[in-house]
Amino acid sequence: QVQLVESGGGLVRPGTSLRLSCAASRIIAGIPVMGWYRQAPGKQREFVASTTTTDTTAYAASVKGRFTISRDNARNTVYLQMNSLKPEDTAVYYCNADLTGSVYWGQGTQVTVVS
């Protein structure tokens with residue numbers, strides 16, 4: 001019911017910033033939860049951040065204070081602003097939409113943080 005397309009990843013240096021975008025194929029205002037997950041090499045996919053229909057946000061402890069999730073309902077897009085990037089943030093980042101009874105994922109965008 002919804003396609004998700006991530007963009008904005010890239011190769012950056014520690015301490016710099018990136019903004020990831022997740023463009024959805026439908027109105028997102030009514031989607032209960034949208035979020036970002038990431039999967040680092042050799043690791044399981046882990047939760048990064050989420051936002052609800054009431055703009056309640058949640059963050060993983062590892063990114064709290066550095067990352068900010070936001071939405072633009074007019075553009076049906078969710079963003080992840082990533083500041084003060086660390087090498088440990090290197091991963092494929094996936095957008096997620098949790099509809100009633102169904103979960104959808106994008107294809108992911110690679111973020112690599114190296115000196």
Side-chain angles (χ1 to χ4, degrees):
Q1 279 192 301
V2 59
Q3 288 78 50
L4 305 171
V5 180
E6 302 96 334
S7 62
L11 177 65
V12 298
R13 299 179 63 183
T16 61
S17 299
L18 281 174
R19 188 177 76 161
L20 306 184
S21 298
C22 172
S25 63
R26 55 157 284 175
I27 294 173
I28 66 170
I31 298 178
V33 181
M34 296 196 70
W36 290 92
Y37 289 69
R38 68 186 182 186
Q39 187 166 18
K43 303 293 180 63
Q44 297 185 65
R45 188 173 298 186
E46 66 176 351
F47 168 80
V48 175
S50 65
T51 181
T52 71
T53 54
T54 57
D55 291 322
T56 299
T57 58
Y59 298 92
S62 59
V63 307
K64 190 174 183 179
R66 298 188 297 121
F67 291 10
T68 303
I69 188 171
S70 62
R71 65 170 69 220
D72 185 340
N73 287 339
R75 297 177 64 87
N76 294 321
T77 301
V78 176
Y79 303 97
L80 184 68
Q81 178 67 45
M82 306 187 296
N83 298 327
S84 302
L85 283 163
K86 305 175 180 179
E88 294 80 2
D89 296 318
T90 295
V92 177
Y93 284 72
Y94 297 91
C95 183
N96 158 272
D98 190 349
L99 280 66
T100 301
S102 300
V103 178
Y104 298 86
W105 298 91
Q107 292 296 308
T109 185
Q110 176 72 49
V111 173
T112 303
V113 186
V114 296
S115 299

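Atom CD of Gln107 has 12 or fewer neighbouring heavy atoms from other residues, nucleotides or ligands inside a 6.0 Å radius. Within 6.0 Å of atom CZ in Arg26, more than 12 heavy atoms from other residues, nucleotides or ligands are found, so the atom counts as buried in its surroundings.
Hydrophobic clustering (side-chain heavy atoms under 4.5 Å, transitive across Ile, Leu, Val, Met, Phe, Trp, Tyr) groups Val92 together with Val103. Hydrophobic clustering (side-chain heavy atoms under 4.5 Å, transitive across Ile, Leu, Val, Met, Phe, Trp, Tyr) keeps Val33 apart from Phe47.
Contacts of Thr16 classified as side-chain hydrogen bond (donor to acceptor under 3.5 Å, both in side chains), with partners at least two apart in sequence or in another chain: none. Scanning for salt bridge (Lys or Arg N to Asp or Glu O under 4.0 Å) contacts around Arg66 gives Asp89, with sequence neighbours left out. Contacts of Gln3 classified as side chain to side chain contact (heavy atoms under 4.5 Å, CB included), with partners at least two apart in sequence or in another chain: Ser25. Evaluation of the side-chain hydrogen bond (donor to acceptor under 3.5 Å, both in side chains) rule for Ser7 yields no partner, not counting sequence neighbours. Under the rule for a side chain to side chain contact (heavy atoms under 4.5 Å, CB included), Ala61 has no partner lying at least two apart in sequence or in another chain. Under the ring-ring contact (aromatic ring centres under 6.0 Å, His included) criterion, Tyr79 pairs with no residue, sequence neighbours left out. Every residue meeting the side chain to side chain contact (heavy atoms under 4.5 Å, CB included) condition with Glu88, not counting sequence neighbours, appears here in chain and number order: Lys86. For Asp98, the side-chain hydrogen bond (donor to acceptor under 3.5 Å, both in side chains) criterion is met by no residue, not counting sequence neighbours. In this view, Thr54 and Thr52, Thr56 satisfy the side chain to side chain contact (heavy atoms under 4.5 Å, CB included) rule, not counting sequence neighbours.
Side-chain atoms of Gln81 do not come within 3.5 Å of backbone N or O of Arg19 as any donor-acceptor pair. Glu6 places a side-chain N or O within 3.5 Å of a backbone atom of Cys95 that can act as its donor or acceptor partner.
Each salt bridge (charged side-chain N to carboxylate O under 4.0 Å, His left out) pair with one or both residues in residues 52-65, not counting sequence neighbours, appears once here: Asp55-Arg71. Among pairs with a residue in residues 27-86, none fulfils disulfide (SG to SG under 2.5 Å), at least two apart in sequence or across chains.
With a 4.5 Å cut-off between side-chain heavy atoms of Ile, Leu, Val, Met, Phe, Trp and Tyr, the cluster of Tyr59 takes in Val2, Leu4, Val12, Leu18, Leu20, Ile28, Ile31, Met34, Trp36, Val48, Val63, Phe67, Ile69, Val78, Leu80, Met82, Leu85, Tyr93, Leu99, Tyr104, Val111, Val113.
Arg38 is not listed as a side-chain neighbour of Thr90, based on a closest heavy-atom distance of 4.5 Å or more.
From Arg75, atom CZ reaches atom CG of Asn73 across 12.5 Å, with rounding to the nearest 0.5 Å.
Minimum heavy-atom separation, Ser21 to Thr77: CB-CG2, 4.2 Å. The two atoms that bring Ser17 and Ser84 nearest to each other are OG-N, 4.2 Å, heavy atoms only.
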